[in-house]
Visitor: 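Just dropping this structure here.
Not measured: the values here are computed from a predicted model. Chain A is the first sequence line, chain B the second, and so forth, proteins listed ahead of strands; every chain is numbered from 1.
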Number of protein chains: 2
Amino acid sequence: MQKHQVTIIDIARKMGISKSTVSRALTNNANIKPETREAVIRVANEMDYQPNMLALGLIKNETRMLGVIIPDIEKPFFASIVSGIQHAAARMNYRIIIAQSDESPEIEKENIKALMLSRVDGFLICHTRDTRDFEQIKQLHSKGVPLVSFARICQELPIPKVVEDDFNGLFTTTQHLIERGKKRIALFAGPKHLLASRLRLNGYKTALQQHNIPFNPKLVKHSKFLTENVEEAMEYWLNLPEPPDGICTVYDGGAIKIIEILKRKGIKIPEQIAVTGFGNDSWASIIDPGLTTYEQKPFEIGQIAGKFMLELLTKGKPSMYSQLTISKGSLIVRQSS
Amino acid sequence: MQKHQVTIIDIARKMGISKSTVSRALTNNANIKPETREAVIRVANEMDYQPNMLALGLIKNETRMLGVIIPDIEKPFFASIVSGIQHAAARMNYRIIIAQSDESPEIEKENIKALMLSRVDGFLICHTRDTRDFEQIKQLHSKGVPLVSFARICQELPIPKVVEDDFNGLFTTTQHLIERGKKRIALFAGPKHLLASRLRLNGYKTALQQHNIPFNPKLVKHSKFLTENVEEAMEYWLNLPEPPDGICTVYDGGAIKIIEILKRKGIKIPEQIAVTGFGNDSWASIIDPGLTTYEQKPFEIGQIAGKFMLELLTKGKPSMYSQLTISKGSLIVRQSS
DNA sequence: GTTTAAAATGGGAACGGTTGCGGGAATGTT
DNA sequence: AACATTCCCGCAACCGTTCCCATTTTAAAC
């Protein structure tokens, strides 16, 4: 569409000098007479010259673009991460290309392929919930493509990884309920195969253990983050001879459903049953009762991931401590506990 | 970093043919012997050849990248729009580059400049709240750069624009309260200078007028979306000799604050004062009472904007109806009214 | 005024593809 | 067998830069 963009050759012709000289004047490293430089720069501005990054990229074999692959940007958690990455990248004059996998491993693969074709300088990836096959990303790694993994990471690869503190999150909320005097604390957990689920389960177990509370398998229900799962679990727990007096969940969305059910049944929160969440979603402070939850710092996760990528890009290798970085969250106590 | 990527020259050398032949075999338009084509394709696959989009872009003068500039991707409204754009773009094999202006007109300008340098094929822009100066974008337009404006649009430019239905939103919620029998309906409005604010105010006024309710300036308070603004307005309204019996707001966040204040004062919702929002934020259904609100369709807005951009890119001109597209929302009635 | 080194500039290859043009081989026609 | 036609393929230019190397200009030294 755009009418012929001004090139250094146009400038050179206009000034009656060679394009090499123009190039040198515009890049400030080579040796050139100061007056010439100034003259060229003036003409370049007059003609509204804009360097062609494509040509430059072709030579330097870089695009200053980073591929960011996430499951779903409409989830606030991911949106904040993306924001963090973008801010970190912008500071170093990198652009980010967003591709969503929609939680589909196939689309994830296609996205990686497409971004490889676009010759991005590196990838920041958060895998799908169902991604089991890491062959493709391993190939990228063996080709030497800079890679950073976050949130849902690929453990098998020696690349920088940034995750939220799953273990500590559930350890903290569970311990909090124990300190509130709760004895029979249930856990509404995530899918078994997810690393994050296992870590959170461990945090829960460890908290119990440290306070000499025996682990009761009946009080743990795995879920697929579905409303039905919540209902089934509550049905089951409330009909136990000794129902729980506290329920930890691994995501705020689950906690809110539980609170709804408890309110409907007239069970007092937190006196009879206390509830905790995970994530500090935007509405956690708005609902009644306010939800006690573990706040994550997704923006920070994004920033750290971005920082590692830039380290990879400049130094070639990230600092030693970068293999697995755990972003600490913090407990936010509200009326539900 | 990456070891030398395979080029068509490598393939040509290996097969003892010229790079032109390889190129022709790989792009399926030119005339070439079928056997040769197959052989080349086979070798290309064996060698894991990947075309270099930079070189291609240099020739075709296109990058298949779209620049998307938004104020803040952490806002769910914008995140959904971006998602819509991304999905639309992906379908046509375009990538999107995200840049956030953080509501700063200066950063917005810088972003546009940076993306111009990256030679994106087009821009999808949502301006800052404070963007008043559209010179830069007008220049882009006069250069022939494909442009689509959404949500916070530049009215002065003859380009496709996609917006939510501000007028209808407030018209609908106001009318809804009137139908609920409310007589003194207040409006918690946005900043006066914003187009969207004016449209929403008009929707409110028109609804009143159509039902023969006189417009009372005392019942309209402009805000800058700050909590203090809500408190001031409520303080003022509740101390009127005849306080309102219904309050429309122009964003859900304001409605929630109002509900909080009303609950604190023991005022019954909706019997004494009904409340409506705008946006259908994720927590609107969760709070107590559930918030009656006007649901926007940001994902759809993004998709439409993306579609227009692709039309611009392929046909050169978007269809006639594309000048201003208004994405209809719908009223969601809950317990707050 | 010459010589010599240093500084400034120009020429051209290279990056990785596409594409118009021309030529040689294969095929068809008389 | 001679000629026209078609079909493939190679050559070379081009896209907009950078950068090495050669060449010219300038300045300094004798």
Visitor: Rounded to the Å, how far apart are A:Arg37 CZ and C:dT9 P?
Guide: 10 Å
Visitor: Can you tell me if the side-chain N/O atoms of B:Thr36 get under 4.0 Å from OP1 or OP2 in D:dC9?
Guide: yes
Visitor: To the nearest 0.5 Å, what is the distance between CD (A:Glu106) and CG (A:Asp130)?
Guide: 9.0 Å
Visitor: With respect to the phosphate group of D:dG16, does any side-chain polar atom (N or O) of A:Thr7 fall under 4.0 Å of OP1 or OP2?
Guide: no
Visitor: May I ask you to verify whether the side chain of B:Arg24 and the base of C:dG17 hold a donor-acceptor pair under 3.5 Å?
Guide: no
Visitor: Need one value for A:Glu35: base, sugar-phosphate or nothing, where a base atom within 4.0 Å counts as base even if backbone is also close, heavy atoms only.
Guide: nothing
Visitor: Please figure out whether A:Lys19 or A:Ile32 has its closest DNA chain C nucleotide nearer the 5' end.
Guide: A:Ile32
Visitor: In whole angstrom, give the distance that lies between atom CD1 of A:Ile59 and atom P of D:dC19.
Guide: 7 Å
Visitor: Rounded to whole angstroms, how far apart are CG on A:Leu54 and C1' on C:dC15?
Guide: 12 Å
Visitor: Distance check: side-chain N/O of B:Ser23 vs OP1/OP2 of C:dT18, anything under 4.0 Å?
Guide: yes
Visitor: Which of parallel (below 30°), tilted (30 to 60°) and perpendicular (above 60°) describes A:Phe134 and A:His127?
Guide: perpendicular
Visitor: Starting from the first five and the last five pairs of the helix from C:dG1-D:dC30 to C:dT30-D:dA1, work out the angle between the resulting helix axes, to 10 degrees.
Guide: 50°
Visitor: Kindly say if B:Ser18 contacts the phosphate of D:dC9, meaning a side-chain N or O under 4.0 Å from OP1 or OP2.
Guide: no
Visitor: Check this for me: does any side-chain nitrogen of one of A:Asp10 and A:Lys19 sit under 4.0 Å from a carboxylate oxygen of the other?
Guide: no
Visitor: Any idea which of D:dC19, D:dC8, C:dC21 is nearest the A:Ser20 side chain?
Guide: D:dC19
